[in-house]
Amino acid sequence: MLRHTPRSFANYDIVMKFQVFVDIATNLAAAISMTRFKIMKCLNDTGAFLSDKTRKMHSQFAKMLTQQCIIPPFVFLATLVPAQLEYMNLVRHPILEAMINIFACLSTLLSPLLVLYHIVPYRRAMVRWIEGREKPSVSTNFDSSVFLARMQGVKL
C-alpha cells in the first residue's frame, strides 16, 4: 500500500498551480493572436485608403506590439520553472537562483530589442549610430547663432 506524505501532496498541489499558470499563458497568447489577426484583417480591408508605405509600417508596428504582448506571460512561466524546481526540492543550485532573476529581467530587456528589430527606421538609425556614421547636427538657425555669440560675449 502506498503512503502519501504531506510533502507529496504539496508537490502535487504545486504542479497543479503551475499547470494553471501554463493554461492561462496559453489562452492569453491565443487571445492576443486572434486580436492581432482581426487587426491585420481590418488593416487589409481599409488598405485602399492607405499607401503601401503606411500599410507596411502599420503591419510592422502590429507585429512588434503582438510580440511585446506575448513575451511577458512566457517569461513569467520561464521564471516559475526554476522557482518550482527549488521549491519542490528537486534541484538546488546557485545558478538556478540566479536564473530566476535573469528570467525576471528578460521581458524588459527584450522589449527594446523587438522595437529595434521590427521598426526599420529605428533599426537603421541604431546601425548608423553604432557604426559612427551619425554626426551631431550643427544648427544653422540664425537666432541660435546670435544667442550663442551673445553667450560667449561677442558684440554684434
Side-chain angles (χ1 to χ4, degrees), residues 7-141 143-145 147-148:
R7 186 72 181 154
S8 66
F9 283 126
N11 288 346
Y12 179 75
D13 187 44
I14 291 170
V15 171
M16 292 306 294
K17 287 179 183 176
F18 182 73
Q19 182 62 38
V20 169
F21 284 126
V22 170
D23 292 342
I24 290 172
T26 305
N27 291 332
L28 186 61
I32 290 170
S33 295
M34 287 189 319
T35 305
R36 180 186 184 276
F37 176 76
K38 288 181 180 181
I39 290 171
M40 295 307 291
K41 185 178 177 194
C42 179
L43 184 63
N44 288 334
D45 291 344
T46 60
F49 301 108
L50 301 173
S51 68
D52 288 338
K53 183 178 178 181
T54 305
R55 190 178 315 114
K56 185 177 178 182
M57 183 177 62
H58 280 289
S59 175
Q60 291 172 349
F61 193 65
K63 188 184 298 184
M64 183 255 322
L65 285 176
T66 303
Q67 290 180 357
Q68 282 185 329
C69 290
I70 288 177
I71 284 177
F74 288 108
V75 168
F76 178 70
L77 289 176
T79 305
L80 279 180
V81 170
Q84 294 298 326
L85 290 174
E86 283 193 348
Y87 186 75
M88 292 188 303
N89 288 326
L90 295 175
V91 179
R92 288 235 181 242
H93 200 277
I95 292 177
L96 201 59
E97 293 175 11
M99 284 177 58
I100 295 170
N101 292 327
I102 291 169
F103 286 149
C105 297
L106 193 61
S107 182
T108 55
L109 293 174
L110 288 177
S111 182
L113 294 176
L114 281 173
V115 171
L116 290 175
Y117 179 75
H118 286 292
I119 309 300
V120 177
Y122 292 168
R123 182 175 54 216
R124 288 182 185 153
M126 182 59 78
V127 168
R128 281 195 314 265
W129 182 72
I130 289 172
E131 290 176 349
R133 291 187 288 169
E134 189 74 24
K135 304 285 185 208
S137 64
V138 177
S139 176
T140 58
N141 187 354
D143 293 332
S144 63
S145 300
F147 176 75
L148 288 174

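Keep in mind that this is a model prediction, so the values were computed, not measured.
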Colleague: Tell me the closest heavy-atom pair linking A104 and T79, and the distance in Å.
Modeller: N-OG1, 3.6 Å

Colleague: Are the side chain of Q68 and the backbone N or O of S111 linked by a donor-acceptor pair below 3.5 Å?
Modeller: yes

Colleague: Does the pair F61 and H58 meet the rule for a side-chain contact (heavy atoms from CB on, under 4.5 Å), with working shown?
Modeller: CA-CA 5 Å; F61 193 65; H58 280 289; 5.6 Å; no

Colleague: Once you round to the nearest 0.5 Å, how far does CG of L106 lie from CG of L110?
Modeller: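 One gets 4.0 Å once the value is rounded to the nearest 0.5 Å.
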
Colleague: How far apart are the closest heavy atoms of L116 and R123, and which atoms are they?
Modeller: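 L116 and R123 have their closest heavy atoms at O-CB, 2.9 Å.
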
Colleague: Rounded to the nearest 0.5 Å, what separation is found between the CD1 atom of I119 and the CD atom of Q60?
Modeller: 5.5 Å

Colleague: I'd like to know if the side chain of T108 reaches the main chain of C105, judged simply by a donor and an acceptor atom lying under 3.5 Å from each other, with no hydrogens or angles considered.
Modeller: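 Looks like yes, one N/O pair under 3.5 Å.
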
Colleague: Roughly how far, to the nearest 0.5 Å, is CZ of F74 from CG of L28?
Modeller: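 That separation rounds to 8.5 Å.
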
Colleague: Which pair of non-hydrogen atoms, one from Y122 and one from V115, has the smallest distance, and what is that distance?
Modeller: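 The pair with the smallest heavy-atom distance is CD1-CG1, 3.6 Å.
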
Colleague: Measuring from atom CG of L65 to atom OG1 of T35, what distance do you get when rounded to the nearest 0.5 angstrom?
Modeller: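 Those atoms lie 12.0 Å apart.
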
Colleague: Quick check: closest heavy atoms across P82 and A78, and the distance to 0.1 Å?
Modeller: CD-O, 3.0 Å

Colleague: Mark yes when over 12 heavy atoms from residues, nucleotides or ligands other than L90 sit less than 6.0 Å from its CG; otherwise mark no.
Modeller: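 Atom CG in L90 is crowded, with more than 12 foreign heavy atoms closer than 6.0 Å.
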
Colleague: Can you give me the closest heavy-atom contact between K63 and H118, atom names plus distance?
Modeller: CD-CE1, 3.4 Å

Colleague: Quick one: are E86 and I100 in side-chain contact, heavy atoms under 4.5 Å?
Modeller: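 Counting from C-beta outward, E86 and I100 do come under 4.5 Å.
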
